Amino acid sequence: MKFKKNILCIGAGYVGGPTMAVIAAKCPQYKVTVVDINEKRIREWESENLPIYEPGLDDIVKMARGRNLFFSKEIEKGINEADIIFVSVNTPTKTFGQGAGRAADLQYWERTARQILANSDSGKIIVEKSTLPVRTAEAMEKILNLNQEKIGFEVVSNPEFLSEGTAVKDLEKPDRVLIGSRETEAGIKARKEIVEVYANWVPRERIIESNVWSAELSKLTANAFLAQRISSINSISALCEKTEADIDEVAYAVGTDSRIGNKFLKASVGFGGSCFKKDILNLVYICQNYGLYEVADYWESVVKINEWQEGRFVRNMLAGMFNTVAGKKITVFGFAFKANTGDIRESPAIYVTRGLLEERAMVVISDPKALENAKKDLEDVKEGVSFEKDPYRAAEGSHAIAILTEWDIYRDLDYERILQSMATPAFIFDGRNILDHKKLFKIGFNVFAIGKSPLKHF
Ligand SMILES: NC(=O)c1ccc[n+]([C@@H]2O[C@H](COP(=O)([O-])OP(=O)(O)OC[C@H]3O[C@@H](n4cnc5c(N)ncnc54)[C@H](O)[C@@H]3O)[C@@H](O)[C@H]2O)c1
């Protein structure tokens, strides 16, 4: 079959895989190929067991795969054949040298730019899909324009706003798609080509066009605002615990103000995921580079509050359980950083588990989708940790349960049965405020929730 255009995506991760699957499903006229240096990942995308879990993803991949969606190890060939290249490689926080711990590590990004340059015989549109520091497009242009043959490359920024756990839904019905380009004739032409791709299923008024720097900065800003709301409500949760105010009641009252809105106001053990912390620290680093120290400090505090909230959760567990958890069995319900994903990157559960292990607790981890990733993350731990998918078996004989991911299954468990199998006094620390605390207290649990007075039998 003759396709209208060849789209390539470099990077078959949490963003590249689902994004390209949806583009392929919605645009049968385009050939979409996804490549990655990680050959195992490519094999998994070609198999029955996809490398990531997202509701609805299996169906959409199966529908388009082999028709106009292909996964491949042949990066160079893919580059050469492509008209449009989405770059969706990882951009982690730098761990070395200048800006270590804050700046984005752009080595994968730059390697990709050079690889595109080395393998292109014709002009292409390069789409920044990864989240990047503002003005990265400029660096990419400089590398691409090193070509002797004067091949025309246009760099467009199209940051991804999907949220893990609802990626397919977010991609099929996005709040908006943002496409930024240079405001030259060639830049605007390239921008329109990307608009044309999305216009196959996204209403035109939801496709926002902007200059390339605005698009780059909007993604960092959106993540900073989202994380800021969580840190804001979490900071107030600490005050609620001191004053007998209830954080859910406060959040409801505050969120009904239409200027504020009720989303992202759920207090919790803290935010996780691969993006929020990394992107805010990146924003902080950029601000510092421009000498905007007050702005940098303002945003850095969002990350600091989050770390404090995670630490506070462990300290509250310790204080609640008579200042010692040594030798006690503690069951962690949920290791994923949020529900409906197997992703554990920067999950508060990592911090809490390690904190409990330091206190010599025996931690049992349960999660419906993230156990394999949890095992890998805790590989260095010699003793004190075990894994059990079944929540009832995981809780047997334990002194406490900590709810760290808001999986629906944890709402609906038979907690009377669980209580019968636990040591006494039995504790529940609800790090997501998803359980019926009064009911749990009534059946015999000592209940500690975020931003609420503890319910204790002693
Ligand atoms: N995960 C999210 O929810 C999310 C949401 C929006 C934006 N983002 C951004 O999207 C980008 C990708 O995130 P992700 O979660 O998909 O990361 P990921 O680590 O899951 O995937 C990145 C993939 O890129 C591959 N890769 C790296 N260098 C490569 C190269 N030179 N050639 C080919 N493949 C290469 C890696 O092997 C990996 O499979 C990041 O910048 C992230 O900030 C992520």
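Whatever order the structure lists ligands and atoms in, that order sets their numbers, starting from 1. These numbers come from a predicted model, not from an experiment.
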Next item on the list: If the plane angle is over 60° it's perpendicular, under 30° parallel, otherwise tilted; pick one for W45 and F71.
Entry: parallel
Notebook entry, point to check: K266 and N433: side-chain donor and acceptor closer than 3.5 Å?
Noted result: no
Checklist line | atom 25 (C) of ligand 1: nearest protein contact (heavy atom, Å) | finding: D36 OD2, 3.3 Å
Item checked: Numbered atoms of ligand 1 (with element) below 4.0 Å of N38, judged on heavy atoms -> 37 (O)
Check: Hey, would you say the W299 and F225 ring centroids sit under 6.0 Å apart?
Finding: yes
Note to self: For E241, run the salt bridge (charged side-chain N to carboxylate O under 4.0 Å, His left out) check against K452, R312, R315 and tell me which one passes.
What the structure shows: R312
Margin query: Please confirm whether R41 approaches ligand 1 to less than 4.0 Å, judged on its heavy atoms.
Written below: yes
Notebook entry, point to check: For ligand 1, which atoms, with element, lie under 4.0 Å from some heavy atom of Y108?
Noted result: 28 (N)
Item checked: Residue, atom name and distance, where the atom is the protein heavy atom closest to atom 11 (C) of ligand 1 -> V89 O, 3.5 Å
Margin query: In terms of relative ring orientation, are Y410 and F333 parallel, tilted or perpendicular, with 30° and 60° separating the classes?
Written below: parallel
Item checked: Nitrogen or oxygen of V35 less than 3.5 angstrom from that of ligand 1 -> no
Margin query: Counting only nitrogen or oxygen atoms and a 3.5 angstrom limit, does E160 reach ligand 1?
Written below: no
Check: Got the closest protein heavy atom to atom 10 (O) of ligand 1, with its distance?
Finding: V15 CG2, 3.5 Å
Next item on the list: List the closest protein heavy-atom neighbour of atom 32 (N) of ligand 1: residue, atom name, distance to the nearest 0.1 Å.
Entry: I10 CG2, 3.5 Å
Checklist line | Candidate pair S157 and K129, rule side-chain hydrogen bond (donor to acceptor under 3.5 Å, both in side chains), full reasoning | finding: CA-CA 7 Å; S157 168; K129 198 52 150 164; over 6 Å; no
Item checked: C240 side chain near V250 side chain, heavy-atom distance below 4.5 Å -> yes
Check: Should you measure from each heavy atom of L162, which atoms of ligand 1 turn up under 4.0 Å away?
Finding: 3 (O), 5 (C)
Check: Can you find a pair of side-chain heavy atoms, one from V363 and one from V332, that are under 4.5 Å apart?
Finding: yes
Next item on the list: Check the pair F3, Y30 against ring-ring contact (aromatic ring centres under 6.0 Å, His included), reporting the backbone distance first and the verdict last.
Entry: CA-CA 5 Å; F3 292 103; Y30 293 100; 9.1 Å; no
Margin query: Out of all atoms in ligand 1, which are within 4.0 Å of some heavy atom of T112? Include the element for each.
Written below: 31 (N)
Notebook entry, point to check: Which residue and non-hydrogen atom of the protein lie closest to atom 42 (C) of ligand 1, and at what distance in Å?
Noted result: K278 NZ, 3.7 Å
Notebook entry, point to check: Any idea which atoms of ligand 1 are less than 4.0 Å away from a heavy-atom of S88?
Noted result: 12 (C), 22 (C)
Margin query: Applying a heavy-atom cut-off of 4.0 Å, say which part of I37 lies close to ligand 1: side chain, backbone, both or neither.
Written below: both
Notebook entry, point to check: What distance separates L8 CG from N80 CG, expressed to the nearest 0.5 Å?
Noted result: 11.0 Å
Note to self: Checking a contact table here: which protein heavy atom is nearest atom 41 (O) of ligand 1, and how many Å away?
What the structure shows: T91 OG1, 2.6 Å
Next item on the list: Give yes or no for whether the N/O distance cutoff of 3.5 Å, strictly under, is met between C275 and ligand 1.
Entry: no
Item checked: For atom 1 (N) of ligand 1, closest protein heavy-atom neighbour -> E164 OE2, 2.7 Å
Note to self: With side-chain contact (heavy atoms from CB on, under 4.5 Å) as the test, pick out the partner of W109 among I143, N90, V89.
What the structure shows: V89
Notebook entry, point to check: So which protein heavy atom does atom 27 (C) of ligand 1 come closest to, and at what separation?
Noted result: N90 OD1, 3.2 Å
Notebook entry, point to check: Do the side chains of T341 and K369 get nearer than 4.5 Å, heavy atoms only?
Noted result: no
Margin query: I want to know if ligand 1 touches T131 in the polar sense, i.e. an N/O pair below 3.5 angstrom.
Written below: yes
Check: For A167 and P18, which heavy atoms make the closest approach, and how far apart are they?
Finding: CB-CB, 4.5 Å
Next item on the list: Report, in ascending order of atom number, the atoms of ligand 1 lying under 4.0 Å from any heavy atom of K219.
Entry: 6 (C)
Next item on the list: Return yes or no for this condition: an N or O of R345 is under 3.5 Å from an N or O of ligand 1.
Entry: yes
